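Naming: A, B, ... by sequence-line order, numbering from 1 per chain. This structure is a prediction, so every number in the text was calculated from the model and none was measured.
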2 protein chains.
Amino acid sequence: MSPKILDSAELDAREQVMLRSAFQLIAEEGVSGLTIDKLVNRIPYSKGTVYNHFSGKEDLLTGLCIEALEHLSHLFQRAAAYPGNSRERITAIGFAYMLHAQINPVAFMLVITAKTPSIWEKTSDKRQQAYQQKEDQLLQVFLQVICDAISVGDLSLPASFSESDVAFALWANCFGTIALLQEDLERCAVRQNIEMEPAVLRHCSLLLNSFGWLPLHQNPEPTIEQLKTGLFKAEIEQLEQRLTAKGQPL
Amino acid sequence: MSPKILDSAELDAREQVMLRSAFQLIAEEGVSGLTIDKLVNRIPYSKGTVYNHFSGKEDLLTGLCIEALEHLSHLFQRAAAYPGNSRERITAIGFAYMLHAQINPVAFMLVITAKTPSIWEKTSDKRQQAYQQKEDQLLQVFLQVICDAISVGDLSLPASFSESDVAFALWANCFGTIALLQEDLERCAVRQNIEMEPAVLRHCSLLLNSFGWLPLHQNPEPTIEQLKTGLFKAEIEQLEQRLTAKGQPL
DNA sequence: GACTATTTTTGACGGATCGTCATTATAAGA
DNA sequence: TCTTATAATGACGATCCGTCAAAAATAGTC
């Protein structure tokens, strides 16, 4: 039935099937619901074949994370290409990060836990490298906007801050805000009825102001409505669909 | 051998024994190394007895998180009582958060993952409540310092910011910085040779300045050396011991 | 087409872990 | 001493993981 020599297109297609089914399984039953046996029952391949593609459950999870990073990377690149000033663009990236986390909360949490030793150690070298590469891509987008801002004069680096430091400060701030407000972490004491979207934007504004990133704005950033009805219109609609009918795959 | 009717002191003592051994097991073999069977082999109680105390492995993990939050709570309270101005005190809390994460990195990561559905759902109601309570305690310390700062005049709330919003912004910022620089997440692209201590302090300074929290400082906050040689002397030493000889329990 | 060699797929198996529960052990009271 | 309530035990069934020897499928050769 199957060809003797498998071309990489066929292999990729299979991997996609496996990742899709794994994702769906997680969407239905949570991360702990993902089981190799259950997965095998849903796909036209056997357990052994799955293990030809993934070194184990953890490798599969990292595979899903890589897909999530790809999704995020697309959003970032679109945000970075937003036709506005540098402050609007960096804000758009933060906004994109938040959108991603809301559209795909499970993947967002997965990425956090993917680097813990219990998962990372069991990830194949091949996929570890692929993951790192995607992560680098993301950082590059961030850095590009920062460098642009500097060259245009919108931003001048504070003493003892490198471009990377600025990128990291913004990233950590967005990440912390999103992570603590993530729906998975319901009923956190820290988050008392705080809405994610305004919080992320407020925190971005605070930090950008602190860097003296021009043009200085009061929060909320005025450009947000444009992002929601323009650049990220599709994602916003996708998000609203999610809120009405839950449980559908990415 | 055992008394017929167990008083709560005896029960608490047992729970401590179990938690200690679980902690040690994790320190030796990582979170995935914690196994009920292995735990049972190390303590003078049987599996059934363990299950009389904890509803399962996840409940045990949450139990460890509660202990971690208690540790953190002590640090926070000491920081909040630091005899300095309000800005120094809030900075001391952020510093304490970082110290805690460095002294007990596994617990820090555990607390992140504890709220994910796969763990939280399997946690007993009793322990869920205990956890929430500890979390509330932490937030209260934060809020107290913020309210003090306002009443003293060091801080005036920005428009559309409540006290909780300020607390959350600071918390999220510290959390994000620490989490991304956590040693468990080695080789993150975002963190290129960035040291945790200066990063946390820089980010705190940025945010405090953005709030106009008086007295305005350049980073690094000048009070840090005092914290390291005074208030948190013991913890700093503990940390240095950890760096030289790894693997010893909290 | 028959036969061989090579590649690929398969799922049964051993090992490990979980959580339960019938059984055993212990202590208090009569 | 004997009964009874309480607590501790660990054997057991169920589940899941990852492996590997056997089976299936294909390509090549005559």
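Note: CG (N52(B)) to C1' (dC21(C)) measures 12 Å, nearest angstrom. L39(B) has its CG atom 15 Å from the C1' atom of dG10(D), to the nearest Å. Counting to the nearest Å, the C1' atom of dC17(D) and the OH atom of Y51(A) are 5 Å from each other. Computed from coordinates, the I36(A) CD1 to dC16(D) C1' distance equals 9 Å when rounded to whole Å. In this structure, Y45(A) places its OH atom 14 Å from P of dT8(C), rounding to the nearest Å. As a whole-Å value, the separation of D37(A) CG from dG11(C) P is 12 Å. As rounded to whole Å, 12 Å separates atom C1' of dT8(C) from atom CD of E10(A). One interatomic measurement links the two molecules: CZ of F54(B) to P of dT17(C), which rounds to 20 Å at whole-angstrom precision.
Along DNA chain D, the nucleotide nearest G48(A) and the nucleotide nearest L34(A) are compared for position; the residue whose nucleotide lies closer to the 5' end is L34(A).
Contact annotation: R14(B) side-chain N/O to dA8(D) OP1/OP2 distance is under 4.0 Å. Remark: T49(A) is in phosphate contact with dT10(C), judged by side-chain N or O atoms under 4.0 Å from OP1 or OP2. The side chain of S46(B) places no N or O atom within less than 4.0 Å of a non-bridging phosphate oxygen (OP1 or OP2) of dA8(D).
Checked options K126(A), K122(A), R127(A); the residue passing with D59(A) is R127(A) (criterion: salt bridge (charged side-chain N to carboxylate O under 4.0 Å, His left out)).
Between K38(A) and E28(A) there is no salt bridge, since none of the side-chain N atoms of the basic residue sits less than 4.0 Å from a carboxylate O of the acidic one. Ion pair E135(A)/K115(A) flagged as a salt bridge, since at least one NZ, NE, NH1 or NH2 atom sits closer than 4.0 Å to an Asp/Glu carboxylate oxygen.
Nucleic acid contact for T35(A): sugar-phosphate only, since backbone atoms but no base atoms lie under 4.0 Å from a heavy atom of the residue.
Between Y97(B) and W171(B), the ring planes are tilted. Angles from 30° to 60° get that label.
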